[in-house]
Amino acid sequence: MNDAAVTLRDDIRHDWTVDEIRAIHDGPLMDLVFRAATIHRRYNDPADIQRASLLSIKTGGCPEDCAYCPQSAHHKEAGMGRERLMATETVLAEAAAAKAAGAHRFCMGAAWRQPKDGPEFDAVLTMVRGVRAMGMEACVTLGMLSPSQADRLAEAGLTAYNHNLDTGPDFYGDIISTRTYEDRLRTLENVRAAGIGVCCGGIVGMGEETTDRAAMLQVLATHAPHPESVPINALVAVPGTPLADRPAVDPFDLVRMCATARIVMPRARVRLSAGRKGLTREAQTLCFLAGANSIFYGERLLTTANADEDADVALLADLGIRVPVETRAAAE
């Protein structure tokens, strides 16, 4: 076996400790970015930045009490009304528009604790089939899943299921009381057992310590296989939620998280997710250099604003990553 093969094998680990990950995260920033960029280029094409579009297909009225989320029914001051599940035809029209604008993946989110078997879940299955028929990857986030629900989503062709851990196990109870960490891990097990890709990450800036961030990455990096996608979110402090007064996240904190995630999960899609609108072009570029290779593309996330689509096209073009002209024209 040659030296390159040994290096590739040794980079993929599932036995990381929190202390090891914390040491990586806290190292000198320039050294951290260089190490992450080196590993990123070893395993991934640095010009391949996935563009994922996100749509809230059922908004508000969620029974969970996640402190960051304006969709929670517990946070009435956030002023988020309860809406019904969108019509399948409307969702698929949005998906077609996203594809025309250059999206590779279409993600659909419903504010449920867990979907109920019946007409609404059947409608989601139809949406998944419709998105896959367009030639795009399909991802959903619907809350907790039973094994049978995961199997049905797999049969419909679902590419990935998003179910974030949000933070490390020790800080988790400060943010959410209506669902346990074990509940989240059980859903991830059900998704993986069904053969669906796992999309799982967390949020920076909720008041957690650096060790909590390292602990979240440690949970993910000890999964075998690693999650296919790891979203790194910066808290968007929404008025009316318990975290409304949290200060903005330092962009270097996101760089460190993207770099650390890349080092401990070399092949994962590290998605620069919520909060990207507040980053400069230069900060986003540093995240890409550090190993981020996926973004949410489009001017809206589930309930908060995202970076401007034209600005994203311009930034990617300046980095040598172009959205095909014919694709952009079809979207106009």
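- Rounded to the nearest 0.5 angstrom, Asp26 CG and Ile21 CD1 are separated by 12.0 Å.
- Using a distance-only test at 3.5 Å, with no hydrogens or angles considered, a donor-acceptor pair links the side chain of Thr187 to the main chain of Leu145.
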- Verify side chain to side chain donor-acceptor pair (under 3.5 Å) between Arg276 and Asn233, making sure each step is shown before the conclusion. CA-CA 8 Å; Arg276 188 168 64 87; Asn233 299 275; over 6 Å; no
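- When all heavy atoms of Met134 and Ala96 are compared, the pair lying nearest together is SD-N, 3.7 Å.
- For the pair Arg256 (side chain) and His25 (backbone), a donor-acceptor distance under 3.5 Å is present.
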Decide side chain to side chain donor-acceptor pair (under 3.5 Å) for Asp212 and Tyr172; before the verdict, give the C-alpha distance in whole Å, the side-chain angles of both, and the deciding distance to 0.1 Å. CA-CA 9 Å; Asp212 296 310; Tyr172 180 84; over 6 Å; no
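- Between the side chains of Glu208 and Thr167, no donor N or O sits under 3.5 Å from an acceptor N or O.
- When the shell of 6.0 Å around CG of Asp245 is examined, it contains 12 or fewer heavy atoms from other residues, nucleotides or ligands.
- The hydrophobic clustering, which links ILVMFWY residues whose side-chain heavy atoms are closer than 4.5 Å, places Leu142 and Met144 apart.
- No donor-acceptor distance shorter than 3.5 angstrom exists from the side chain of Asp151 to the backbone of Ser148, with no hydrogens or angles considered.
- Salt bridge Lys58/Glu83: absent, no basic N to carboxylate O contact under 4.0 Å.
- Not one N or O on the side chain of Asn162 forms a donor-acceptor pair closer than 3.5 Å with the backbone of Val140.
- At most 12 heavy atoms of other shown residues, nucleotides or ligands fall within 6.0 angstrom of atom CZ in Arg84.
- One finds no salt bridge joining Glu228 and Arg271 here, because no Lys/Arg side-chain nitrogen approaches an Asp/Glu carboxylate oxygen to under 4.0 Å.
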